Amino acid sequence: MSSTVRVRIAPSPTGDPHVGTAYIGLLNYIYAKQRGGKFILRIEDTDRTRFVPTSEAMIFEALRWLGIDWDEGPDVGGPHGPYRQSERTEIYRAHTSTLIENGSAYRCFCTPEELDQRRKAQLAAKMAPRYDGTCRRLTKEQVDANLAAGKSFTVRLAVPAEGATVFRDELRGEITIDHHNVDDQVLMKSDGFPTYHLANVVDDHLMEITDVIRAEEWISSTPKHVLLYKAFGWELPKFWHMPLLRNTDKSKISKRKNPVSLIYYRQAGFLPQAMLNFLGLMGGGMPAPGDHNNTPEQNRAAEIFSMADMLERFVFERISLGGPVFDLVKLKWLNGEYLRALSKEEFAQQMRDVIFSDAFLAKLTPLVQNRVETLAQVGDIADFLFKDNVVPAEDVWMPKKRSREETLAFTGELLAALEGAEWAEPAIDAAIRALLTAKEWSVKEGFTLLRTIMTGTASSPPLLESLGIFGKARSLDRMRRFLDAQKKISKS
RNA sequence: GGCGUUAUGGUGUAACUGGUUAACACGUCGCCCUCUCAAGGCGAAGAGUCCGGGUUCGAGCCCCGGUAACGCUACCA
């Protein structure tokens, strides 16, 4: 194996690019660049049920926006391609055969229904929900008969019944997990696509990854990966598990409780260098020379650093293991610092790029042109598109015939419906109307509610067009903020 | 429930191989500046380091035992 450091991130194209991807991406990037190594981007698109076609391009764009660029990847190529897992199915198939042949894996003919039933029974009996090993005990004749009958199957890892897997986490030391607690994980789904566990190990080996730097949530399944490396007779990479970014309530960061889409941050006017700086603060890898002998200015500057500073001073061994809360308040402060540090020209350019772009003004024009008598009135009717915070009055958003609880519950469902919708007027319209019909709300009630949340008032340019140009990320964020604010009022 | 990880003010982090009144930043509060609001300046409150034992002259740092939070527990990643 080559001695060059090679690391990777492997995001799934299942939606908007995630702030957690940027965090782990940044860490991997720094690790590679500090050691003269390579940073690889691999697309983990093996789950066809959650695949979102537009997602991959957005991931590329968002990472590049932040300045996290890759040496090898689907779009730039490289010596170990393809870098899209959906294009590597033959590789996984061949490796799966190897595992079956050497007894490290076996075919499983159990149906999803059977598995589901058994899992529920195990849970009801207060047992750990594990695969019961039915197909592991199949004779060769039975397997052949099933195969001949054309039954569909998955391939599972044959985890040793006894013993334990011990592996080293570079930040935590040795971690031991007993094999009684490791499930016979599915490696190859019945649709012929591998699961994360298989694809990840095979690709990491083939792509000569030396250090696996990923989120803490993977610690529990690391034994499966170690077992796979052993089954193939491959050398293990080093494992570095990074703390998970958290919501204010300390749970794993999620869109319900925090904006997590990088698209949102970009469109809301956060600067990439501020986001990068903030992510670098999470986990404390930067030595912080803050001290009471310093001036306030020096102390503040100690927390303000660029990518170049991080490449120079970031120390992986310093990373603290408690899950850091992704605190929007501090991110905003940092962003403000960067914004103020801009020259007048640069600031003006940022406004032109992000909120007053020609493209945006062009989209806005049809909404306002025949509704104004003077240009000054544009602000009167379209102010909500240029605001971050709109506060709708209660007597406007709540329909006369609905209760507060009912309305908020409806809003929650509307949010969920819109999250799943493609962001084009017909699709948005369809999603709203489907919910209105299902919940027996009138079109007027529903549209007025949404209009008020989005614009703060009961009259505005056409709602669907407004949503369209305002964008999905910020529209949904506005709804979530509305719900959050109302929940707080309900509590007090 | 099982397994794993983690644990310093509200939040993010400091505190050299255990060594004096636990430091910095954000936030909060007050004052100054100012036509207002920010920004900026000055100052304050806020933790005794999850809890309980132990080792030690001395423990946030070491040992033991708890607790809590989080993660995993899918033909998702």
Side-chain angles (χ1 to χ4, degrees), chain A residues 10-14 18 20-21 44-51 85 108 110-112 115-116 119 122-131 152-156 164 169 171-173 175-183 185-200 214-224 241 243-253 278-304 318-334 336-337 339-340:
Chain A
S12 292
T14 53
H18 199 274
T21 302
E44 206 108 20
D45 56 350
T46 55
D47 184 353
R48 74 208 186 300
T49 61
R50 294 202 304 158
F51 180 72
Q85 293 186 328
C108 173
C110 299
T111 65
L115 293 170
D116 195 44
R119 187 175 307 117
Q122 287 170 326
L123 247 18
K126 294 200 188 242
M127 283 162 59
R130 301 259 319 274
Y131 180 63
S152 82
F153 62 88
T154 62
V155 176
R156 287 179 183 274
D169 176 281
L171 295 176
R172 285 160 253 258
I175 295 176
T176 304
I177 296 180
D178 197 290
H179 288 157
H180 295 296
N181 298 312
V182 183
D183 205 0
Q185 184 67 46
V186 169
L187 302 175
M188 175 78 73
K189 296 176 260 187
S190 56
D191 64 2
F193 278 86
T195 57
Y196 169 86
H197 307 280
L198 204 229
N200 167 259
R214 64 192 353 171
E216 188 180 357
E217 56 189 332
W218 294 107
I219 291 179
S220 304
S221 41
T222 303
K224 294 168 187 170
H241 290 99
L244 243 24
L245 260 23
R246 309 294 179 93
N247 297 312
T248 319
D249 66 2
K250 299 278 189 181
S251 56
K252 175 166 99 170
I253 195 165
F278 182 64
L279 291 175
L281 240 22
M282 307 274 88
M286 288 291 277
D291 188 275
H292 61 285
N293 292 322
N294 293 148
T295 64
E297 199 181 332
Q298 287 173 316
N299 278 328
R300 247 170 311 187
E303 296 206 352
I304 297 180
R318 282 185 67 94
I319 290 175
S320 60
L321 271 9
V325 170
F326 190 91
D327 182 7
L328 232 31
V329 174
K330 186 150 186 177
L331 205 211
K332 282 185 193 160
W333 165 76
L334 249 184
E337 288 287 313
L339 247 17
R340 275 175 243 120

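Values in this document were obtained by computation on a predicted structure and should not be read as measured data. Here is how names work: the chains are called A, B, and so on, in the same order as the sequence lines, proteins then strands, and each is numbered from 1.
- For the pair Thr14(A) and C76(B), the criterion of a side-chain N or O lying under 4.0 Å from OP1 or OP2 is not met.
- Candidate nucleotides U5(B), C26(B), A77(B) were compared by shortest atom distance to the side chain of Ile219(A), and U5(B) ranks first.
- Of all nucleotides listed (U73(B), C72(B), C70(B)), C72(B) comes nearest to the side chain of Glu217(A).
- A cation-pi arrangement is absent between Arg246(A) and Phe326(A) under the rule of less than 6.0 angstrom and at most 45 degrees off the ring axis.
- Residue Ile175(A) has its side chain nearest to U5(B) when only U5(B), A77(B), C70(B) are considered.
- For the atom pair CG (Asn181(A)) and OG1 (Thr176(A)), the distance works out to 12.0 Å, reported to the nearest 0.5 Å.
- In this structure, His179(A) places its NE2 atom 13 Å from P of G4(B), rounding to the nearest Å.
- A salt bridge between Lys330(A) and Glu303(A) is present, with a side-chain N of the basic residue lying under 4.0 Å from a carboxylate O of the acidic one.
- Taking 90° from 0 as the syn/anti boundary, the base of G48(B) is oriented syn.
- Candidate nucleotides C26(B), C24(B), U6(B) were compared by shortest atom distance to the side chain of Asn299(A), and C24(B) ranks first.
- For the strand RNA chain B, secondary-structure stems (runs of at least three Watson-Crick or G-U pairs, all distances below 3.5 Å) span B:1-7 with B:67-73, B:10-13 with B:23-26, B:28-32 with B:40-44, B:50-54 with B:62-66.
- Each of Glu297(A) and Gly284(A) lies near RNA chain B, and the nucleotide nearest Gly284(A) is the one positioned closer to the 5' end.
- Nearest heavy-atom pair, Ile177(A) versus Ser220(A), reported as atom, atom and distance to 0.1 Å: CD1-O, 4.1 Å.
- The gap from the C1' atom of G10(B) to that of G1(B) amounts to 33 Å, rounded to the nearest Å.
- Nearest nucleotide to the Arg246(A) side chain, out of C70(B), G4(B), U73(B): C70(B).
- With U6(B), A74(B), C26(B) as the candidates, the nucleotide lying closest to the side chain of Arg119(A) is A74(B).
- Closest to the side chain of Val186(A), out of C75(B), U6(B), G27(B), is C75(B).
- Judged by distance alone, with hydrogens and angles left aside, Glu303(A) brings a side-chain donor or acceptor within reach of the base of G12(B), the pair sitting under 3.5 Å.
- Position along RNA chain B of the nearest nucleotide to Met188(A) versus Pro296(A) favours Pro296(A) as the more 5'-ward residue.
- By the 4.0 Å N-to-carboxylate-O rule, Arg172(A) lies close enough to Asp169(A) to be salt-bridged with it.
- Contact annotation: Lys250(A) side-chain N/O to G71(B) OP1/OP2 distance is not under 4.0 Å.
- Rounded to whole Å, the C1' atom of G27(B) lies 23 Å from the corresponding atom of A69(B).
- A distance of about 6 Å separates the C1' atoms of G46(B) and G9(B), rounded to the whole Å.
- A donor-acceptor pair shorter than 3.5 Å can be found between the side chains of His241(A) and Arg214(A).
- Checking the phosphate oxygens (OP1, OP2) of G40(B), a side-chain nitrogen or oxygen of Arg300(A) falls inside 4.0 Å.
- Here the side chain of Val329(A) is nearest to one of C26(B), C3(B), G12(B), namely C26(B).
- For C75(B), the base has a donor-acceptor partner in the side chain of Ser190(A) [N/O atoms by modelled type, under 3.5 angstrom].
- Aromatic ring centroids of Trp333(A) and Phe278(A) lie 6.0 Å or more apart.
- Rounded to a whole angstrom, the distance from the P atom of A59(B) to that of C63(B) is 16 Å.
- For the P atom pair drawn from U49(B) and C62(B), the interatomic distance equals 15 Å after rounding to whole Å.
- Ranking A77(B), U6(B), A15(B) by closeness to the Arg318(A) side chain, first place goes to A15(B).
- Going from the C1' atom of G60(B) to that of U21(B) covers 16 Å, rounded to whole Å.
- Separating the C1' atom of A15(B) from that of U55(B) is a span of 22 Å, rounded to the nearest Å.
- Candidate nucleotides C75(B), G71(B), A25(B) were compared by shortest atom distance to the side chain of Ser220(A), and G71(B) ranks first.
- Of the side-chain N and O atoms in Arg130(A), none sit less than 4.0 angstrom from OP1 or OP2 of U73(B).
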